[in-house]
*Asks:* 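Quick one: the structure is below, and I'll ask about it shortly.
Please read all numbers here as calculations on a predicted model, not as lab measurements. Just follow the structure's listing: the first ligand is 1, and inside any ligand the first atom is 1.
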Amino acid sequence: MSKTALITGITGQDGAYLAEFLLNKGYRVHGVKRRSSLCNTDRIDHLYEASQHKDHFILHYGDLTDTANLIRLIKEIQPDELYNLAAQSHVKVSFDSPEYTANANALGPLRLLEAIRILHLEQKTRMYQASTSELYGLVQEIPQKETTPFYPRSPYAVSKLYAYWITVNYREAYNLFACNGILFNHESPIRGETFVTRKITRAVARVKLGLQKQVRLGNIDALRDWGHAKDYVEAQWLILQQDRPDDYVIATGEQHSVREFVERAFAEVGIGIEWRGQGMEEEGFDANTGRCLVAVDPIHYRPTEVETLLGDPAKAKNKLGWSPKISFRELVAEMVREDLRSAQRELLCEQKGFPVKRGFEV
Ligand code: NDP
Ligand code: GDR
């Protein structure tokens with residue numbers, strides 16, 4: 001009998017990769033998608049349309065802030081595995097929308113855990129909670145591991161701190177198979193466009209094709225441990241396949257700055273960089289020198305920043321047999337390549353006089 005999984009946040013980056021991963025393993029996959037005024041299933045349309053997944057991939061409307069809806073869905077679906085990936089996941093936006101962030105990210109997981117209890121599914125449903133390296137915030141130890149103390153630095157991180165501990169508490173209090181994956185930053189060509197890596201690779205591609213002149217970033221000295229989302233969803237699955245529930249750091253163990261990411265990404269298309277401060281009035285890309293201006297603009301700073309993150313994935317390696325397969329260089333190259341394809345489509349549309357979608361920059 002094939003297993004049944006329920007994924008919240010299925011329309012997001014990780015949700016899309018995880019759904020594909022589980023469908024390929026023969027799971028029946030249910031996903032929770034939010035109602036939105038525009039279609040928000042771009043990342044999973046190919047799965048929905050694939051004939052081999054017919055009847056195995058089912059979407060439901062729902063929201064982490066709607067308790068009754070979550071209880072009804074879990075009652076109907078009776079999942080063997082519940083992956084809670086849904087969240088207001090943007091750190092900077094969480095300073096603008098702290099209460100909503102707490103409602104979805106902190107109370108959302110509580111609602112799911114309570115639903116498992118109310119429905120007496122403690123012995124059936126295993127739950128994965130999408131925890132984060134942002135918990136370490138103002139880091140107390142380098143590299144960060146499962147025992148490193150937390151010091152959250154944003155409303156997002158504080159909301160995820162509650163989610164982390166309520167998951168541990170329900171495991172200890174009610175014997176639930178509930179686990180935290182403390183995942184460090186992971187990216188891909190379908191990463192949200194307002195996260196720094198995707199913002200950079202989109203800009204690189206658009207500068208290369210003459211669709212954009214310059215790039216404006218915030219703290220370019222921030223250091224992150226960046227992996228590929230495809231590798232990280234495998235770890236999410238492995239965490240729920242163990243004999244005992246536990247919490248794991250998932251990371252590459254390698255660190256790069258935002259500045260390095262920018263340099264690597266521009267190098268992929270053979271363009272050099274000139275760094276500038278806030279008041280960048282000049283035109284960005286200079287065809288004569290072949291260099292592009294990248295400006296540091298405080299508008300992108302956060303009230304409190306996480307300066308450095310570096311994970312120690314030793315426990316995941318030893319206990320789950322997990323290690324990342326895709327390198328930093330391959331990750332950047334793939335993201336730039338895919339964004340070049342999108343930029344080519346954009347250019348074609350512009351040349352033919354069709355309007356092109358422009359994003360709001362965060
Ligand atoms: P995304 O932002 O790409 O996806 C978030 C998903 O959550 C989307 O499907 C979004 O729906 C959905 N969502 C947001 N709010 C609600 C809500 N109130 N009810 C139901 N669904 C909602 O995030 P990622 O895929 O990158 O990350 C997945 C999870 O992992 C998140 O919880 C994130 O905080 C966490 N995480 C991510 C890391 C990373 O580097 N990517 C690292 C560590 C943790 P919609 O498409 O409609 O917006
Ligand atoms: P992060 O990712 O905050 O680590 O959270 P993000 O890509 O937004 O920022 C990474 C670092 O880059 C700096 N930065 C900028 N960030 C953005 N978004 N835009 C800019 O222009 C810019 N310039 C510099 C940031 O200040 C930061 O230091 C992500 C999310 O996926 C979370 O949900 C997840 O929990 C963590 O990763 C692990």
*Asks:* Please walk me through it: do Tyr156 and Phe95 pass ring pair (Phe, Tyr, Trp, His ring centres under 6.0 Å)?
*Replies:* CA-CA 8 Å; Tyr156 167 81; Phe95 289 97; over 10 Å; no
*Asks:* Quick one: does any side-chain atom of Gln78 pair with a main-chain N or O of Glu76 as donor and acceptor, under 3.5 Å?
*Replies:*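 Flag not set: sc Gln78 to bb Glu76 has no pair under 3.5 Å.
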*Asks:* Kindly identify the option in Ser89, Ser94, Ser188, Gly181 whose heavy atom sits closest to atom 23 (O) of ligand 1.
*Replies:*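 Nearest heavy atom to atom 23 (O) of ligand 1 lies in Ser89.
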*Asks:* Would a line drawn from the ring center of His30 to the ring center of His60 be shorter than 6.0 Å?
*Replies:*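 His30 vs His60: aromatic centres under 6.0 Å.
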*Asks:* Quick one: does Tyr100 get an N or O within less than 3.5 Å of an N or O on ligand 1?
*Replies:*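 The answer is yes, given that Tyr100 and ligand 1 share an N or O pair closer than 3.5 Å.
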*Asks:* Taking 4.0 angstrom as the limit and counting only heavy atoms of Asn185, give me the atoms of ligand 1 inside it, by number and element.
*Replies:*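 Taking each heavy atom of Asn185 in turn, ligand 1 has 40 (O) under 4.0 Å.
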*Asks:* Return the residue, atom name and 0.1 Å-rounded distance of the protein heavy atom closest to atom 40 (O) of ligand 1.
*Replies:*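 Answer for atom 40 (O) of ligand 1: His186 N, 2.8 Å.
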*Asks:* Do the non-hydrogen side-chain atoms of Glu234 and Lys325 ever get within less than 4.5 Å of each other?
*Replies:*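 Sidechains of Lys325 and Glu234: in contact.
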*Asks:* To which of Thr132, Asp63, Asn40 does the heavy atom nearest atom 47 (O) of ligand 1 belong?
*Replies:*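 Residue with the shortest heavy-atom distance to the ligand atom: Asn40.
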*Asks:* Are Leu240 and Leu82 joined in one hydrophobic group, where the rule is that I, L, V, M, F, W and Y side chains link up if heavy atoms are under 4.5 Å apart?
*Replies:*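 No, because Leu240 and Leu82 fall into different hydrophobic clusters, even though each may have its own neighbours under 4.5 Å.
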*Asks:* Mind checking whether Glu134 contacts ligand 1 via backbone (N, CA, C, O), side chain (CB onward), both or neither, at a 4.0 Å heavy-atom cut-off?
*Replies:*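 The answer is neither; Glu134 stays 4.0 Å or more away.
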*Asks:* I'd like to know whether ligand 1 has Thr8 as a neighbour, heavy-atom separation below 4.0 Å.
*Replies:*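 Checking ligand 1 against Thr8, which is what was asked, there is no heavy-atom contact under 4.0 Å.
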*Asks:* Could Lys3 and Tyr27 be counted as a cation-pi pair, given that NZ or CZ must be under 6.0 Å from the ring centre and within 45° of the axis?
*Replies:*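 No, Lys3 does not sit over the ring of Tyr27.
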*Asks:* Look at atom 25 (O) of ligand 1 and say which protein heavy atom is nearest, naming residue and atom and giving the distance to 0.1 Å.
*Replies:*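 Going by distance alone, atom 25 (O) of ligand 1 is nearest to Asp14 N, 2.8 Å.
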*Asks:* Is the NZ or CZ atom of Arg35 both under 6.0 Å from the centre of the six-membered ring of Tyr61 and within 45° of that ring's axis?
*Replies:*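 Output no; distance or angle outside limits.
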*Asks:* Check whether NZ of the Lys or CZ of the Arg Arg264 lies under 6.0 Å from the centre of the six-membered ring of Phe328 and within 45 degrees of that ring's axis.
*Replies:*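 Verdict for Phe328: no cation-pi partner in Arg264.
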*Asks:* Are Ser131 and ligand 1 in contact, using a heavy-atom cut-off of under 4.0 Å?
*Replies:*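 In this structure, Ser131 qualifies as a contact of ligand 1 - some heavy atom is under 4.0 Å.
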*Asks:* Check whether any heavy atom of Arg153 sits under 4.0 Å from an atom of ligand 2.
*Replies:*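 Outside the 4.0 Å threshold, so no.
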*Asks:* On the six-membered ring of Trp237, is Lys25 placed so that its NZ or CZ lies under 6.0 angstrom from the centre and within 45° of the ring axis?
*Replies:*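 Flagged: Lys25 positioned over aromatic ring of Trp237.
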*Asks:* Hey, are Lys315 and Asp246 close enough for a salt bridge, meaning a charged N less than 4.0 Å from a carboxylate O?
*Replies:*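 Salt bridge flag = yes for Asp246 with Lys315.
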*Asks:* Tyr151 and Tyr136: aromatic ring centres closer than 6.0 Å?
*Replies:*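 Tyr151 vs Tyr136: aromatic centres not under 6.0 Å.
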*Asks:* Of all the non-hydrogen atoms in the protein, which one sits nearest to atom 3 (O) of ligand 1, and at what distance?
*Replies:*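 Closest protein heavy atom to atom 3 (O) of ligand 1: Gln13 N, 3.1 Å.
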*Asks:* Taking the six-membered ring of Phe195 as reference, does the cationic atom of Arg198 (NZ for Lys, CZ for Arg) lie under 6.0 Å from its centre and within 45° of its axis?
*Replies:*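 Negative - Arg198 is either too far from the ring of Phe195 or too far off its axis.
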*Asks:* State whether the shortest distance between N or O atoms of Glu187 and N or O atoms of ligand 1 falls below 3.5 angstrom.
*Replies:*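 Between Glu187 and ligand 1 (N or O atoms, distance only) the closest approach is not under 3.5 Å.
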*Asks:* Does Ile220 reach ligand 2, in the sense of a heavy atom lying below 4.0 Å from it?
*Replies:*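 Contact absent.
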*Asks:* Judged by non-hydrogen atoms, does Tyr156 sit under 4.0 Å from ligand 1?
*Replies:*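 It does; at least one heavy atom falls under 4.0 Å.
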*Asks:* Does Phe184 have its ring centroid less than 6.0 Å away from the ring centroid of Tyr232?
*Replies:*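 Between Tyr232 and Phe184, which both carry aromatic rings, the centre distance is not below 6.0 Å.
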*Asks:* Please check this pair: side chain of Gln13 against backbone of His186, looking for a donor-acceptor N/O pair closer than 3.5 Å.
*Replies:*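 It does hold such a pair.
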*Asks:* With the threshold set at under 4.0 angstrom, would you say Tyr301 reaches ligand 2 through any of its heavy atoms?
*Replies:*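 Heavy atoms of Tyr301 never come under 4.0 Å of ligand 2.
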*Asks:* For ligand 2, is any non-hydrogen atom under 4.0 Å from Leu309's backbone (N, CA, C, O), its side chain (CB onward), both, or neither?
*Replies:*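 No part of Leu309 comes within reach of ligand 2.
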*Asks:* Who's closest to atom 10 (C) of ligand 1 heavy-atom-wise, of Leu85, Ile7, Thr11, Asn69?
*Replies:*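 Selected option, by shortest heavy-atom distance: Thr11.
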*Asks:* For Arg224, is the nearest heavy atom under 4.0 Å from an atom of ligand 2?
*Replies:*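 It does, in that a heavy atom of Arg224 comes within the 4.0 Å cut-off of ligand 2.
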*Asks:* Would Lys33 count as a contact residue for ligand 1, given that I'm defining contact as a non-hydrogen atom of the residue lying under 4.0 Å from a ligand atom?
*Replies:*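 Per 4.0 Å heavy-atom rule, Lys33 does not contact ligand 1.
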*Asks:* Could you point out which residue of Val207, Leu217, Ile220 forms a side-chain contact (heavy atoms from CB on, under 4.5 Å) with Val294?
*Replies:*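 Exactly one option meets the side-chain contact (heavy atoms from CB on, under 4.5 Å) with Val294, and it is Leu217.
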*Asks:* Identify the protein heavy atom lying closest to atom 19 (N) of ligand 1, giving its residue, its atom name and the separation to 0.1 Å.
*Replies:*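 It is Leu64 N, 2.9 Å.
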*Asks:* Check contact between Lys160 and ligand 1, using heavy atoms of the residue and a distance below 4.0 angstrom.
*Replies:*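 It does; at least one heavy atom falls under 4.0 Å.
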*Asks:* Going by the order shown, which atoms of ligand 1 are within less than 4.0 Å of some heavy atom of Arg191?
*Replies:*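 Ligand 1 atoms under the 4.0 Å threshold to Arg191: 26 (O), 39 (C), 40 (O), 41 (N).
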*Asks:* Within ligand 2, which atoms have a heavy atom of Val91 less than 4.0 Å away?
*Replies:*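 That gives atoms 3 (O), 5 (O) of ligand 2.
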*Asks:* Distance to 0.1 Å, residue and atom name: give those for the protein heavy atom nearest to atom 16 (C) of ligand 1.
*Replies:*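 For atom 16 (C) of ligand 1, the nearest protein heavy atom comes out as Arg34 CD, 3.5 Å.
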*Asks:* If hydrogens are left out, which of Ser159, Gly12, Ala87 has an atom nearest to atom 7 (O) of ligand 1, that is, the closest non-hydrogen atom?
*Replies:*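 Nearest option to atom 7 (O) of ligand 1, by heavy atoms: Ala87.
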